[in-house]
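Just so you know, residue 1 is the first one in the sequence shown, and it goes up from there. No hydrogens, no waters, no symmetry mates; every other heavy atom, side chains included, goes into these values.
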Amino acid sequence: MEKAPALLALDRIDAALARIEAAASSNFGRDEDLRRRHDDLKQSVARSLAGLDQLLEGRG
């Protein structure tokens, strides 16, 4: 069965976040500002994805 375009997009976002997390984790020990900004971005993305989940649930 073929995935819906929205699910494919979410898979791509998830993969990109994993790559960002891996790249950033090697620099966290040296740059506290980078860690803070990364954590802020991660929280913002999590809120956005939760909102998308709610929208998709309402359509289903």
Side-chain angles (χ1 to χ4, degrees):
M1 177 180 226
E2 191 173 315
K3 281 189 173 182
L7 293 178
L8 290 173
L10 289 175
D11 286 345
R12 291 177 61 202
I13 291 168
D14 189 44
L17 288 173
R19 289 192 306 272
I20 291 168
E21 183 84 24
S25 67
S26 65
N27 293 313
F28 280 160
R30 295 179 287 190
D31 191 340
E32 189 59 37
D33 182 55
L34 177 63
R35 177 185 296 278
R36 182 192 53 75
R37 291 170 51 201
H38 174 73
D39 289 342
D40 290 348
L41 175 61
K42 204 168 155 181
Q43 290 174 10
S44 176
V45 169
R47 285 191 302 269
S48 295
L49 291 177
L52 287 173
D53 283 342
Q54 290 175 351
L55 286 173
L56 292 172
E57 286 175 4
R59 296 182 76 190

Is there a side-chain contact between I20 and H38 (heavy atoms, below 4.5 Å)?
yes
May I ask you to test the L10-L56 pair for a side-chain heavy-atom distance under 4.5 Å?
yes
Atom CG of L49 and atom OG of S44: how far apart are they, to the nearest 0.5 Å?
9.5 Å
Salt-bridge test for R37 and D40: reply yes if a basic N is under 4.0 Å from a carboxylate O, no otherwise.
no
